[in-house]
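Here's the structure we're looking at; comments come further down.
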Amino acid sequence: MKSNYKEKYVKPYFMPPVVTYDWVKKDCIEKPPIWCSVDLRDGNQALIEPMGLEEKLEFFKLLLEVGFKEIEVGFPAASETEYNFLRELIERNMIPDDVTIQVLTQAREHIIKKTFEAVKGAPHAVVHLYNSTSVAQREQVFKKSKEEVKQLAVDGAKLLKELADETDGNFTFEYSPESFPGTEVEYALEVCNAVLDVWKPDAARKAIINIPTTVQIAMPHVFAAQIEYFHKNLKYRDAVVLSVHPHNDRGCGISDAEFGILAGADRVEGTLFGNGERTGNVDIVTVAMNMVCHGVDPGLDFSHIAKVREVYERLTGMHVYERTPYAGDLVFTAFSGSHQDAISKGMAWRKEGKSGERWEVPYLPIDPVDLGREYESDVIRINSQSGKGGISFILKQNFGISLPDKMKEEVGYLVKDVSDKQHKELSPEDTYRIFKDNYVNRKPVFDIPECHFKQVNGILAEVTIEQEDKKQVIETAGNGRLDAVSNAIKKYFGIEYTLAVYEEHAISKGSSSKAAAYVGLVSGDKTFWGVGIDEDIIKSSIAALVIASNKVVESVRR
C-alpha cells in the first residue's frame with residue numbers, strides 16, 4: 001500500500017530565523033574558492049576496498065599535480081593504514097611547502113590525542129574537529145540536550161588548542177557541525193560561535209568553519225540561505241574561512257557548492273568525480289570546469305582529464321559514468337544529425353576566424369581541447385542517428401576529405417544505413433572504408449588504365465577502356481582533358497550524361513602531396529558521384545569520372 005508521503009516526510013530542514021537572498025543578485029562566481037580535496041578521507045572511506053598505503057601515496061601525488069593546496073589525508077585515529085600514511089607523508093618530507101594537509105577527528109578526547117600524535121611535525125596541518133548537532137542525532141543517538149552537545153564541541157575545541165600548543169607543528173583549526181541539514185540553523189550558529197570563542201581566531205591565524213550537507217535534504221536555495229545567514233552572523237568573520245562540504249543525496253551537490261559560494265562561502269571541500277558515501281560528495285571537477293565556462297580560472301588543472309580519470313579509476317575501483325560532465329566518454333559526443341551539423345558548421349565558423357577568441361560552438365559549452373580531449377574521437381561519432389554534417393565532419397577532420405555540399409546527403413544516408421543494419425556505432429575508419437568502397441574504389445563495369453593527350457584545336461585524346469579483360473582505345477576530342485575522356489566514355493557505351501559538379505582540393509591529412517577530385521554526373525533525374533585520390537590532379541580527376549560513369553552505365557543497364 002502506498003505511503004502517505006505528506007505525513008511520513010515532514011519537512012526535515014530548518015530555514016534561518018532571518019532569510020535574505022542577496023546571493024540571488026549575483027549571476028556567476030567571479031573567483032575560485034579555496035579547494036580542499038577529501039578524496040583520501042571521505043572518498044576513501046566510501047570505497048568497497050579502501051586504498052592501501054602505496055595507493056594513497058600515488059593518489060596524493062595526483063592531487064598535487066592537479067593543483068590542490070589543501071588535502072584531507074585521512075582520519076588517523078581510525079586505522080593503522082590511515083595513521084601510517086600520515087606519518088609517511090611527514091617523515092619522508094612529501095608535503096610541498098605551499099600545501100596544507102588536513103586530518104579529521106571526532107570531538108572525543110582519546111581520538112583527538114591520537115590525531116595529534118599522528119600529525120606531529122607537520123609543516124602545516126588543519127585539524128578538523130566535528131560532532132553531530134542535528135535534532136535526530138541529539139535525540140536518537142546521543143540522547144543529549146542542546147547544551148550538552150554544544151559542550152562536546154567546546155571541550156573538543158579547548159583540547160585542540162591545548163594539544164596544538166604542546167605538539168611540534170603548525171596547525172589551523174576547523175570545526176564542522178556534522179548533520180547540519182537537520183540542525184536548527186540558529187543553534188548550529190550558536191555552536192560554531194562557541195567554538196570560535198575558544199579559538200579566538202585573528203587575521204594571522206584564521207579558523208575554518210565548515211558547513212556540511214551531511215545528508216542533503218533541502219533544495220539548493222535553502223542551503224544558500226543558510227550559508228548567507230552564517231556569512232552575516234558568524235563571530236570573527238574576517239578571521240574565519242567559511243567552508244562548505246556538500247553531499248549529493250538529492251543530486252544537488254554541484255548546486256549547493258555554487259550557491260554556497262555565491263552566498264558567502266570561501267572554501268569548498270569535495271572529491272574528484274564526486275566519490276563519497278551513498279550518492280557521494282560534490283564533484284570538484286565539475287564545479288571547477290563550470291567556472292572555466294564563465295571565463296574564471298579555477299586554479300586547478302584538468303587539462304589532461306583522461307590521465308586524472310585513469311589514475312582515479314585504477315586506484316579506487318570506481319567508474320566515471322559516460323555522461324559525467326566534462327570527464328565522461330560521451331559528454332562531448334553528438335550522434336544526432338542536427339547536432340552534428342550545427343557543431344560542424346560552428347567549427348568551420350571558428351576556423352574561419354569569425355568568432356575571434358570567443359568559444360561559441362553550438363552544443364559545446366567548453367572547448368574539449370581545454371580538457372585534453374580530441375575533436376576527432378570525442379565530438380562527433382557515427383551511428384544510425386547521425387546526419388550528413390557529422391559524417392562530413394568525420395571525413396574532413398580525420399582524413400582530409402571535404403565533400404561537395406551536394407554530395408553530403410547521399411554519403412550521409414549511405415553511412416548511417418550501414419550503421420542501422422549492423423546495429424553498431426561506426427568508427428572513423430569504418431566510415432572512411434564505406435566511403436572509399438562506394439566512391440573511390442568501385443569500378444564494376446570498366447576502368448581506364450591509360451590516357452594520352454595532344455593539344456590540337458582543343459584536346460585530342462587516346463583513351464584506353466578496359467572491360468572484362470578486353471582493352472580498346474577510343475580516340476576523341478574535347479575542350480579539356482576531362483571533357484575528352486568523358487566523350488570517349490559516352491562514345492564507347494552509347495550513353496549520355498551531364499558533368500554537373502566538379503571540385504578538387506589538396507588533402508589536408510596524411511600526405512600533403514595528394515589531391516582529391518569529385519565528379520557529379522547527372523543522368524535522368526539522378527546524380528552519380530565519384531571520387532579520385534592521387535598525387536596528380538589530372539589522374540585523380542579521371543579516376544573520379546571513371547567511378548561516377550561506372551554508376552551511370554550500371555543504371556542504364558538495369
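Of the possible polar contacts, one joining the Lys551 side chain to the Trp529 backbone as a donor-acceptor pair under 3.5 Å is found. The main-chain N or O of Phe273 is found under 3.5 Å from a side-chain atom of Asp283 such that the two form a donor-acceptor pair. Under a 3.5 Å cut-off, the side chain of Thr279 and the backbone N or O of Asn248 do form a donor-acceptor pair. Asn275 places a side-chain N or O within 3.5 Å of a backbone atom of Gly43 that can act as its donor or acceptor partner. When atom types are taken as modelled, the side chain of Trp35 and the backbone of Ile71 share no donor-acceptor pair closer than 3.5 angstrom. Although no hydrogens or angles enter the test, the distance criterion places no donor-acceptor pair under 3.5 Å between the side chain of Lys69 and the main chain of Thr100. Remark: side-chain polar atoms of Thr324 are not paired, donor with acceptor, to backbone N or O of Val320 under 3.5 angstrom. Checking side-chain atoms of Trp349 against main-chain N and O of Ser344 turns up no donor-acceptor pair under 3.5 Å.
Residues Phe332 and Tyr363 keep their aromatic ring centres 6.0 Å or farther apart.
Here the closest heavy-atom approach between residue Ile284 and residue Cys36 is recorded as CD1-O, 3.8 Å. Closest approach of Thr213 to Pro246, counting heavy atoms only: OG1-CA, 2.9 Å. For the residue pair Gly532 and Ala544, the shortest heavy atom distance occurs at N-CB, 3.4 Å. Of all the heavy atoms in Pro220 and Asp256, the pair that sits closest is CA-OD1, 3.2 Å. The shortest non-hydrogen separation linking Gly264 to Ile227 is N-CG2, 4.5 Å. Across every non-hydrogen atom of Ile261 and Pro33, the tightest pair is CD1-CG, 3.8 Å.
For Glu360, the CD atom counts as densely surrounded, since its 6.0 Å shell holds more than 12 non-hydrogen atoms of other residues, nucleotides or ligands. Counting heavy-atom neighbours within 6.0 Å of Lys408 NZ, excluding the residue itself, gives a total above 12. Remark: Lys26 NZ is packed, more than 12 non-hydrogen atoms of other residues, nucleotides or ligands lying under 6.0 Å away. With a 6.0 Å radius and a threshold of 12 heavy atoms from other residues, nucleotides or ligands, His304 has its NE2 atom at or below the threshold.
Side-chain atoms of Asn290 and Tyr326 include a donor-acceptor pair closer than 3.5 Å. Looking only at atom types and distance, the side chain of His452 has no donor-acceptor partner in the side chain of Glu462 under 3.5 Å away.
Paired with Val552 under the rule side-chain contact (heavy atoms from CB on, under 4.5 Å), one option of Ile495, Val445, Val522 passes, and it is Ile495.
For the pair Glu410 and Lys526, the salt-bridge criterion is not met [side-chain N within less than 4.0 Å of a carboxylate O]. In this structure, Arg309 pairs ionically with Glu313, as a charged nitrogen and a carboxylate oxygen lie closer than 4.0 Å. Under a 4.0 Å N-O distance rule, the pair Lys307/Glu65 qualifies as a salt bridge. Using a 4.0 Å cut-off between charged side-chain N and carboxylate O, Asp417 and Lys421 make a salt bridge. Salt bridge absent: Lys514 and Asp534 never bring a charged side-chain N and a carboxylate O closer than 4.0 Å. Using a cutoff of 4.0 Å between basic side-chain nitrogens and carboxylate oxygens, Arg433 and Glu429 are not scored as salt-bridged.
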Test log, rule ring-ring contact (aromatic ring centres under 6.0 Å, His included), inputs Tyr497 and Phe528: CA-CA 10 Å; Tyr497 55 74; Phe528 300 88; 9.2 Å; no
CA sep, side-chain torsions, deciding dist, call: Ser486, Asp483, side chain to side chain donor-acceptor pair (under 3.5 Å): CA-CA 5 Å; Ser486 179; Asp483 185 52; 5.2 Å; no
Lys406/Thr527 under side-chain contact (heavy atoms from CB on, under 4.5 Å): CA gap, chis, key distance, verdict: CA-CA 9 Å; Lys406 293 181 180 180; Thr527 301; over 6 Å; no
Pair Lys56-Glu82, salt bridge (Lys or Arg N to Asp or Glu O under 4.0 Å): steps then yes or no: CA-CA 9 Å; Lys56 291 192 76 171; Glu82 298 280 282; 2.6 Å; yes
Working for side chain to side chain donor-acceptor pair (under 3.5 Å), residues Tyr502 and Glu504: CA-CA 7 Å; Tyr502 175 81; Glu504 63 184 50; 2.5 Å; yes
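Judged by the 6.0 Å distance and 45° axis criteria, Arg481 is positioned over the aromatic ring of Phe453.
Atom CG of Asn550 and atom CD of Gln467 lie 9.0 Å apart (nearest 0.5 Å). The distance from the CD atom of Gln216 to the CZ atom of Arg278 is 9.5 Å, given to the nearest 0.5 Å. Rounded to the nearest 0.5 Å, atoms CD (Glu70) and CD1 (Ile34) are 5.5 Å apart. Taking CD of Glu269 as the start and NE2 of His247 as the end, the distance is 9.0 Å to the nearest 0.5 Å. For the atom pair CZ of Phe85 and CZ of Phe59, the computed distance is 10.5 Å after rounding to the nearest 0.5 Å. Distance check, rounded to the nearest 0.5 Å: OG of Ser402 to OH of Tyr518 gives 5.5 Å.
Contact of the Leu521 side chain with the Ser549 side chain is registered, since non-hydrogen atoms from C-beta on lie closer than 4.5 Å. Using a 4.5 Å heavy-atom cutoff, the side chains of Glu88 and Leu86 are not in contact. Side-chain contact check for Asn281 versus His245: some heavy-atom pair is nearer than 4.5 Å.
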